[in-house]
Amino acid sequence: MSYQIININTASPDQAKSKVLIIYTGGTFGMAYDVRGVLIPFDFSLILHHLPALRSLQLDLTVISFDQPIDSSNIGPTHWKEIGQIIFDHYADQDGFVVLHGTDTMSFTASALSFMLQGLGKPVVFTGAQLPISEPRSDARENLITALEIASAKTKEGKAMVPEVCLYFDSALLRGNRSRKVESMHFDAFQSENYPALAKAGVAIDYNDAAIHKVSVPKALKLRTRFDTGIAILKLFPGIPNDTIDAILSTKGLRALIIETFGSGNAPSSTWFRQALKTRIEQGLFVVNISQCPGGMVEQGRYETGKWLEEIGVISGRDMTTEAAVTKLMILIGEQGAEKAKELIGKPLAGEMSEQ
Ligand code: ASP
């Protein structure tokens, strides 16, 4: 993949409060109308024209822009690796990172990065917009300015205020691997039902210190980039045909399956379904239970309709989002193999699930 590197000097290096690297991948954020009146990705080197307020932040800003900015529906493991590699390569010389990304799959990428960047001690803040920056009512300006403030914020001791992968949108800073896109038209596009906001931006940015991951002794950053995509999601619905379940269970190369269950982790308990799932588990498939409810958690023993899943060896995903489960499975299987992944999937690795 090729990149364009743009330097935006909003302050001379000795005046700058912090050094922040913006990684621009695409999405609605950077769209502008061309001469035909069609929305196309804008030239990021013109950012100061769209956002002159950037100057007053007094930051030393560098932008690495994907040569071809893309809609986030086209982003996947290859791009996650690229973003991870850019952060890794610039980690020592930057105070923080802002990733500009389409909103549609932003929570997946933020979740993936949280598992890829082990030992992270600096902020990686994802943001984007629901309306292009070229629109007068766009949310792009506030989202970017505040994301940059967060990425450069330091504690009294001079440490990064939010040393984790997070997502800033519409006044709320969320942990990346707890976030999900819940709204396609309004500005409040993201939610984190099972974990409190890391900060709220109003007149001031109020950091929720108790919720932010602390780094006592800084560790060397390690980058994990091997993904295995041999996974599937079986989303249950009342009346789901056996053939549909069978088709998913018989997918070639399937190593792990997420079942999206009802309520606190419940599923239809027909003999056919029990037997089909049990057989696949005995053959080596490992199955993770994630609830279709955005809030609350899977408790497999609570109802009869969930108990049988536990009895046949389905692993509870507790309060993990589907986005976190998908990316965690891909990276665990890719890096450590299916057996080890099975052991680790139910354990918190990067704040993506609550401790038991
Ligand atoms: N389709 C766009 C994307 O995800 C939507 C957005 O950026 O808000 O790239």
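In what follows, every heavy atom counts, from backbone to side chain, and hydrogens, waters and symmetry copies are set aside. In listed order, ligands and their atoms are each counted from 1.
Only the backbone of Ala129 comes within contact range of ligand 1, with a heavy atom under 4.0 Å; no side-chain atom does.
For ligand 1, the polar-atom distance check against Thr105 finds no nitrogen or oxygen pair separated by under 3.5 Å. For Thr103, a nitrogen or oxygen atom sits less than 3.5 Å from a nitrogen or oxygen atom of ligand 1, counting backbone and side chain alike.
Remark: of the listed residues Tyr24, Tyr3, Phe66, Tyr24 is the sole one forming a ring-ring contact (aromatic ring centres under 6.0 Å, His included) with Phe44. Tested against Met161 for a side-chain contact (heavy atoms from CB on, under 4.5 Å), the candidates Leu198, Leu173, Ile150, Thr155 yield a single pass: Thr155.
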Which pairs would a plain distance check flag for residues 200-219, meaning a side-chain donor or acceptor within less than 3.5 Å of a matching protein atom at least two apart in sequence or in another chain?
residue, atom, partner, partner atom, Å
Asn208, ND2, Ala197, O, 3.1
Lys214, NZ, Asp209, O, 2.5
Lys214, NZ, Ile212, O, 3.0

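Of the possible polar contacts, none joining the Gln292 side chain to the Phe262 backbone as a donor-acceptor pair under 3.5 Å is found.
For Tyr303 and Trp308, the ring centers sit 6.0 Å or farther from each other.
Near Thr28, meaning under 4.0 Å from one of its heavy atoms, ligand 1 places the atoms 2 (C), 5 (C), 6 (C), 7 (O), 8 (O). Near Gly27, the atoms of ligand 1 lying under 4.0 angstrom from a non-hydrogen atom of the residue are 7 (O), 9 (O).
By heavy-atom distance, the residue among Ser72, Gly128, Gly30, Gly26 lying nearest atom 9 (O) of ligand 1 is Ser72.
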